[in-house]
Peer 1: 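Please read through the structure below; I'll follow up with questions.
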Amino acid sequence: MKNTISGSITSCSFVGKEDNRPVIVPQEEVIVSPSGVNVGDYTTNVAFQLARRVGLAPQKVAETICKNVIDLPDSIEKVEFAKTGHINFTISARSLQDQIAIILEQGSEYSRQEVGAGKKIHLEFVSANPTGPLNVVSARAAAIGDALARLLGRIGYEVTKEYYVNDHGRQVRLLGESLLARLKQARGEKAEMPEGGYQGEYLSEMAAEIAAAAGEDSPQALSAAAVKKFISLHRESLDGYGVSFDNWFYESKLHADGLPQQAMDELTEKGHTYQKDGAVWFKSTDFGDAQDWVFRRSDAEGSLTYHPIDVAYHRHKYQRGYDRMIDLWGPDHHAHVAVTKAGVAALGYQLDKLDIIIVQQVNLIRGGQKVKMSKRAGEFETMDDLVREVGRDAARYFFLMRSMDAPMDFDLDLAVAKSEKNPVYYVQYAHTRVCSILREAKEREDGFYLRDNAAPDLRLLVEAAELALIRKLNYYPQTVRSSAENLEPHRLPVYLAELATVFHKFYAVCRVLDSENIELSRARLALARATKTILADGLGLLGVSAPERM
RNA sequence: GCCCCCUUGGCUCAGCGGAUAGAGCGCCUGGCUACGGACCAGGAGAUCGGAGGUUCGAAUCCUCCAGGGGGUACCA
């Protein structure tokens, strides 16, 4: 609908001053939604842009444009200019009413758009190390990544969700050594944790089980068994959270194919590395980074650090032919964004295809106090703990409510509260209410559904509350699109909360089931069902359930 | 030191260069003989961290400053 109006504006012309030279309105993004004042459904600022070019006041320009608008689509009831210079468009009631039939017919396809045109997006998220349970930041990233994947899919992208598994290298070896130490300690033998080893209590708890699976007590066998175990635990946690991945990519595969070494050699050949202190450094400062990084250690084997491996991994993504790659990383990887991009650029790949986004920290708040999460055993909250405590719906909704680039306070008390204070219930309750009405309609003798086969007369929906509700429904596709395109899934919960509000207002004012007025009841039932469709679809995109009863 | 993120009512946050900056919580008033009161109506409460700049127009873009957070390993 937005496009239709845009089309009508771009095709109208403005006659300039003395020379009568027609000035065509620029075909830029000129339509914006009105904010604040209730002036119409769409507004445009073209008059401001043209004012200077033609040497007239914006209001005069707006007035002239309004008077010369031609080919106004039927969907627009009126075009007005404001004294500020804005030109406002109001969608006709008729066109709004028709939206209901469209929503009911299209269902979740109502928000389907083809702006992605089948382009392939690679979305990597969570990618936690298989050395411990998933934490709350992983839970945040999982909620966001999963919602983004659905949103991008909805607007026509082909999305691949990938989980990168660090199953190779130093931290894996360390994990095996830590386990061995724990095992020995459990047997009463004297054993020291290796330097920088994994202290977490979960390791002691799992040591015996892992040892049994490993079959032998070598660090190698133990770490392999532990990695396997943690990967399956991660998978379980994510399953319980409703998040699945299309692909689990193992770092060991990169090594098996010799890709990190190859990337390293190539960077050296191209002159992007240098020797210092016995190590090989990559000149990432040449590509805008704040510092250079060691890529090959000075140890006896000349082993590679994490960075060239990650560069190789990203090159592998490029080679797989994605049009765009999006990584969601935790705040602890902050400094690595620049070096990874630098490495990719040094190998000659286009950086504009790659977005590395940092999902910021999560502070758990209980009783108004920050929950302390030290690295010491048992003192950090895992993703499973969180989900167990607040439930999957509240966890996902809370994470998705907030913009991902700001650290967030997660109020545990609010998330568990089964009350009006809890934002996720507010939205779900709207859905439940519709379901309740629909149940009632079925049970009643009035035959709201079965009176006849004719479609309900949507022209009966003329109340302000009814039209306001349809207006909000009509706005849904744009919300989906902007959430997806801007990689800002939090816009959707904001919208859903607004939709719930408009519905609750409608509910307060407009009785849906009225035996005295069957035709109106049927029309309002259609509106209620359309609302249910959008609420359920929106919640579904967020991975949050839309309950029939609460 | 350097890099990144954040700063909007008492609190937690929306806000897409445009009109009178919006929600929720908390606080104060009201509202169920009806399809679920986990709801609705109304009120108080904001010099959008500060100073410059760009612009017809800035919470939004740019620069500087301040405060908060994170990072700055030959760990990942």
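Every chain is numbered from 1 and lettered A, B, ... according to where its sequence line falls, protein lines coming before strand lines.
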Peer 1: Is the shortest distance from a Lys or Arg side-chain nitrogen in K317(A) or E162(A) to a carboxylate oxygen in the other one below 4.0 Å?
Peer 2: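 Result for this pair is no, no salt bridge flagged.
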Peer 1: Classify Q291(A) by what it touches in the nucleic acid, base, sugar-phosphate, or nothing, heavy-atom distance under 4.0 Å.
Peer 2: sugar-phosphate
Peer 1: Tell me which nucleotide among C16(B), A19(B), U72(B) gets nearest to the side chain of R491(A).
Peer 2: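 Of all the options, the side chain of R491(A) is nearest to C16(B).
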Peer 1: Give a yes-or-no answer on whether the side chains of N166(A) and Q171(A) include a donor-acceptor pair shorter than 3.5 Å.
Peer 2: no
Peer 1: Within the 3.5 Å criterion, strictly below it, is a donor on D292(A) or T285(A) matched to an acceptor on the partner's side chain?
Peer 2: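 The answer is yes; a qualifying pair exists.
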Peer 1: Taking the P atom of each, how far is U8(B) from C2(B), in whole Å?
Peer 2: 25 Å
Peer 1: Name the orientation class of the two ring planes belonging to H255(A) and H168(A) (parallel below 30°, tilted from 30 to 60°, perpendicular beyond 60°).
Peer 2: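 H255(A) and H168(A): parallel rings.
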Peer 1: Closest nucleotide of RNA chain B for T501(A) versus for W281(A): which of these residues is on the 5' side?
Peer 2: T501(A)
Peer 1: Do the side chain of D167(A) and the base of A76(B) come within less than 3.5 angstrom through a donor-acceptor pair of N or O atoms?
Peer 2: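 No such pair is found, so the answer is no.
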Peer 1: Examine the base of C74(B) for any acceptor or donor lying under 3.5 Å from a partner atom in the side chain of S298(A), and report the outcome as yes or no.
Peer 2: yes
Peer 1: What does R549(A) touch in the nucleic acid at a heavy-atom separation under 4.0 angstrom: a base, only the sugar-phosphate, or nothing?
Peer 2: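 Here R549(A) touches the bases of the nucleic acid.
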Peer 1: What's the gap between A73(B) and G10(B) when it is taken at their P atoms, as a whole Å value?
Peer 2: 40 Å
Peer 1: Mind checking whether Y313(A) and Y164(A) have parallel, tilted or perpendicular rings, split at 30° and 60°?
Peer 2: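 Plane angle under 30°, so parallel.
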Peer 1: For nucleotides 44-46 of chain B, print each protein N/O atom paired with a nucleotide N/O atom at under 3.5 Å, atom names and distance only.
Peer 2:
none

Peer 1: Does the protein touch nucleotides 3-8 of chain B at the base, only the backbone, or not at all? Give it as B, S and - per nucleotide, heavy atoms under 4.0 Å.
Peer 2: SBSS--
Peer 1: Taking atom P in both A23(B) and A34(B), compute the distance separating them and give it to the nearest angstrom.
Peer 2: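 Comparing P positions in A23(B) and A34(B) gives a spacing of 29 Å.
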Peer 1: Just checking, is any N or O donor in the side chain of S138(A) or N135(A) under 3.5 Å from an acceptor N or O on the other one?
Peer 2: yes
Peer 1: Could you tell me how far G15(B) sits from U20(B) if I compare only their C1' atoms? Round to whole Å.
Peer 2: 15 Å
Peer 1: If pairing requires Watson-Crick or G-U wobble contacts with both distances under 3.5 Å, which nucleotide is the partner of U7(B)?
Peer 2: A66(B)
Peer 1: Do T43(A) and A19(B) share a donor-acceptor pair, side chain to base, under 3.5 Å?
Peer 2: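 When only heavy-atom distances are counted, T43(A) does reach the base of A19(B) through a donor-acceptor pair under 3.5 Å.
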Peer 1: Which class fits the ring pair W281(A) and Y274(A): parallel under 30°, tilted 30 to 60°, perpendicular over 60°?
Peer 2: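 Rings of W281(A) and Y274(A): parallel, as their planes differ by under 30°.
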Peer 1: Can you check nucleotides 37-39 of chain B for protein contacts, nitrogen or oxygen pairs under 3.5 Å, and list what you find?
Peer 2:
{"from": "G37(B)", "atom 1": "OP2", "to": "R433(A)", "atom 2": "NH2", "distance (Å)": "2.5"}
{"from": "C39(B)", "atom 1": "O2'", "to": "R433(A)", "atom 2": "NH1", "distance (Å)": "2.9"}

Peer 1: Is H490(A) stacked against the base of A14(B), taking the criterion as centroid distance under 5.5 angstrom and interplanar angle under 30°?
Peer 2: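 Base of A14(B): not stacked against H490(A).
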Peer 1: Less than 4.0 angstrom from a charged side-chain N to a carboxylate O is my criterion; do R511(A) and E516(A) meet it?
Peer 2: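 No, R511(A) and E516(A) are not salt-bridged.
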Peer 1: Mind checking S303(A) for me? I need base, sugar-phosphate or nothing, with any heavy atom below 4.0 Å counting as a touch.
Peer 2: nothing
